Amino acid sequence: MARANDEAADLIQELADLLSITGGDAFKIRAYEKAARAIAGHPDDISGLDLAGLRKIPTVGEAIAKKVLDYTTTGTIRQVEELRTQIPAGVRALTAIPTLGPKKALALYEELGVSSVDELSTAIREGRLRGLKGFGPKTEENILHGIELLRSSGERVLVDAAAGVADEIVAALSALPEVERCEHAGSLRRMRETIGDVDVLAASRDPRPVMAAFTALPLVAEVIASGEKKTSIRTAKGLQVDLRVVPPESWGAALQYFTGSQAHNIRTREIAVKAGLKLSEYGLFHAESNELIVSGTEEEVYERLGLPWIHPALREDTGEIEAALADELPRLVTVEDLRGDLHSHTDLTDGIASLEDMVAAAHARGLEYYAITDHAPNLFMQRMTDEKMLAQRRRVAELQAEYPGMTLLHGTELNIDPDGGVDWDADFLSGFDICVASVHSHFTQDRDAMTRRLVRACENPHVHVIGHPTARSIGRRSPVDADWDEVFRCAARTGTAMEVDSFPDRLDLPADLIRRAKRYGVKFSVDTDAHSVGHHRNIRYGVGTAQRGWLTPDDVVNTWPLDRLRAFLRKT
DNA sequence: GCCGTTTTCGGCCCGACTGTTTTCAGTCG
């Protein structure tokens, strides 16, 4: 299933976790963690690499290269196997409980023999933590609360749910007279596909009333921690929100810091240290004199480190620092770059808005072209027929007269059957301006069959876009298993675009596969897949995902002028 | 364990909050 890179990275990360429990050297642990990230983010498949090839990966030295080679030859890493015999998997699982880290997990295991979350729960109920050094009544209470949280809703939320909470808080705090600026930061600003907690940053000279207003917001269910500079709350739905208040002159440094990622910040701080500087959320300082150099804007902070400003969507330490140093950062695609949307539905199939309303919504977005792509007949529950489709085409042509500034395209979303065929024959398909083709069934085919299926769809001269290619549903359905390198090679060769579907529970292709596909020269279509007027707003999540995949406007066919797009749709 | 236009040894990002500890360790981001 997973790529060798991901499996090797997981094993190295597990090694780091196990060592942190057994009390290994903290710097060695960090070295493993860094290497795990580097291996997961390495563009080439590691399974074919020898020792020298592995050592070319940054942060992978002799020792880690040998461990990875151990994995690629034997399927596991000997040291990990050995540590697993000392530390049961359940002990590592204990560190998933908030407020419980590796030190406390080890104490619980050694002193009480606790080796699972369930056993810990029992031990607390039986009062066995009383008198254990470092475990007071408050700690006990926090652990119980943490276990409950883990079991109920400790999971990450979809990006739109987090954005809704963030928007509400930013609006409320921005209205306070004490607040000069307020924005969300963290993984939401980086547009990660799921969000663990929401980070909000405010600039103020008077934090106390800001904190008070924050904890008094109606969405607050619980105050987790509360101080002068930082306050954390949890909403009724279990989402944690951290508010940081900084002096206005620290805004840029603070925004940079709280946007993360942690891995990106480590890199920027290392660059600062090497230049005799020190970077914190309060600014960039001379290391010795502690004299402030810059802190007002992110641009100033990056510039003083010798870097161009780096887009938040790239800040994952997966090559953006190197690209920035070489002045090779991509000019990322934006919502404003999009001239069209190539995937949408109406109430003729499973949409809930009329053709007229959907077109009006597209026009309100300022689009130059817009494709209606209702479902084809093989998705039987939609009850599509040739006659209905042709009637819709006539209605689209009539409607076109009302929108002289926007070109309407009549299309369809085909179903890729288990063999890679689609709903209609070539003759009928040639009547459409555009055909999206997607997997809607038989999700569990094996890798070979699924690869053949997607390749055959790409090779169909009437298929222009592969819709939501992995067919995943975040938190509900896994991505289909395919040899993506094979699929992307074929897509590039045949001039078939891969969709980036903007639905918050799809975001499909995901960012990592986008980057892989781009390496083969694949083009992309960033679409809403809108089934209602309101879904048009989801486009920001699709664009965020495209940005995390390092896409430029030229990579995205629906940023192109219509004549260039039409040439692409001819698949010649 | 990794790494090197100040180093092949001696560093490795930085700060806030909590709880239990009377001066600081653990956890988190």
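The shown structure was predicted, so the numbers you read here are calculated from the model rather than taken from an experiment. Residue numbers begin at 1 in each chain, while the letters A, B, ... track the order of the sequences. Heavy atoms only: backbone and side chains are in, while hydrogens, waters and symmetry mates are out.
Annotation for A:Val179 and A:Ala202: closest pair CG1-CB, 4.4 Å, computed over non-hydrogen atoms.
No contact: A:Ile29 has no heavy atom under 4.0 Å from any strand. Nucleic acid contact for A:Lys34: none, since no nucleic acid atom lies under 4.0 Å from a heavy atom of the residue. The residue A:Ser232 sits apart from the nucleic acid: no heavy atom pair falls under 4.0 Å.
Only the P atoms considered, B:dC9 is 25 Å distant from B:dC14, to the nearest whole Å. Spacing between B:dG1 and B:dT5 at atom P, rounded to whole Å, works out to 23 Å. Nucleotides B:dT6 and B:dC12 have their P atoms positioned 16 Å apart, rounded to a whole Å.
Look at A:Glu62 and A:Lys67 and you find no salt bridge, because none of the NZ, NE, NH1 or NH2 atoms lies under 4.0 Å from a carboxylate O. Here A:Glu82 pairs with A:Arg78 in a salt bridge; the nearest charged N to carboxylate O distance falls below 4.0 Å. The pair A:Arg244-A:Asp199 does not meet the salt-bridge criterion, since no charged nitrogen lies less than 4.0 angstrom from a carboxylate oxygen.
Using the six-membered ring where Trp is involved, A:Tyr520 and A:Phe488 have ring planes that are tilted, between 30° and 60° apart.
Look at B:dG15: its Watson-Crick or wobble partner, with both distances under 3.5 angstrom, is B:dC28.
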Expected rows: protein N/O vs nucleotides 1-4 of chain B N/O, under 3.5 Å:
unit_1: B:dC2; atom_1: OP1; unit_2: A:Gly61; atom_2: N; d: 2.6
unit_1: B:dC2; atom_1: OP1; unit_2: A:Gly61; atom_2: O; d: 3.3
unit_1: B:dC2; atom_1: OP1; unit_2: A:Ile64; atom_2: N; d: 3.2
unit_1: B:dC2; atom_1: OP2; unit_2: A:Ala63; atom_2: N; d: 3.4
unit_1: B:dC3; atom_1: OP1; unit_2: A:Thr59; atom_2: N; d: 2.9

N/O to N/O distances under 3.5 Å, protein versus nucleotides 23-29 of chain B:
unit_1: B:dT27; atom_1: OP1; unit_2: A:Gly101; atom_2: N; d: 2.8
unit_1: B:dT27; atom_1: OP1; unit_2: A:Gly101; atom_2: O; d: 3.2
unit_1: B:dT27; atom_1: OP1; unit_2: A:Lys104; atom_2: N; d: 3.0
unit_1: B:dT27; atom_1: OP2; unit_2: A:Lys103; atom_2: N; d: 3.2
unit_1: B:dT27; atom_1: O5'; unit_2: A:Gly101; atom_2: N; d: 3.4
unit_1: B:dC28; atom_1: OP1; unit_2: A:Thr99; atom_2: N; d: 2.8
unit_1: B:dG29; atom_1: OP1; unit_2: A:Asp197; atom_2: OD2; d: 3.4
unit_1: B:dG29; atom_1: N7; unit_2: A:Gln262; atom_2: NE2; d: 3.4
unit_1: B:dG29; atom_1: N2; unit_2: A:Tyr257; atom_2: OH; d: 2.3

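Rounded to an integer number of Å, the gap from NZ of A:Lys229 to C1' of B:dG15 is 10 Å. As a whole-Å value, the separation of A:Asn265 CG from B:dC12 P is 17 Å. One interatomic measurement links the two molecules: CD of A:Glu141 to C1' of B:dT20, which rounds to 15 Å at whole-angstrom precision.
Among residues two or more places apart in sequence or in another chain, the side-chain hydrogen bond (donor to acceptor under 3.5 Å, both in side chains) test is passed with A:Asp337 by A:Arg331, A:Thr334.
Side-chain atoms of A:Glu126 and A:Thr122 include no donor-acceptor pair closer than 3.5 Å.
Each of A:Asn142 and A:Arg244 lies near DNA chain B, and the nucleotide nearest A:Arg244 is the one positioned closer to the 5' end.
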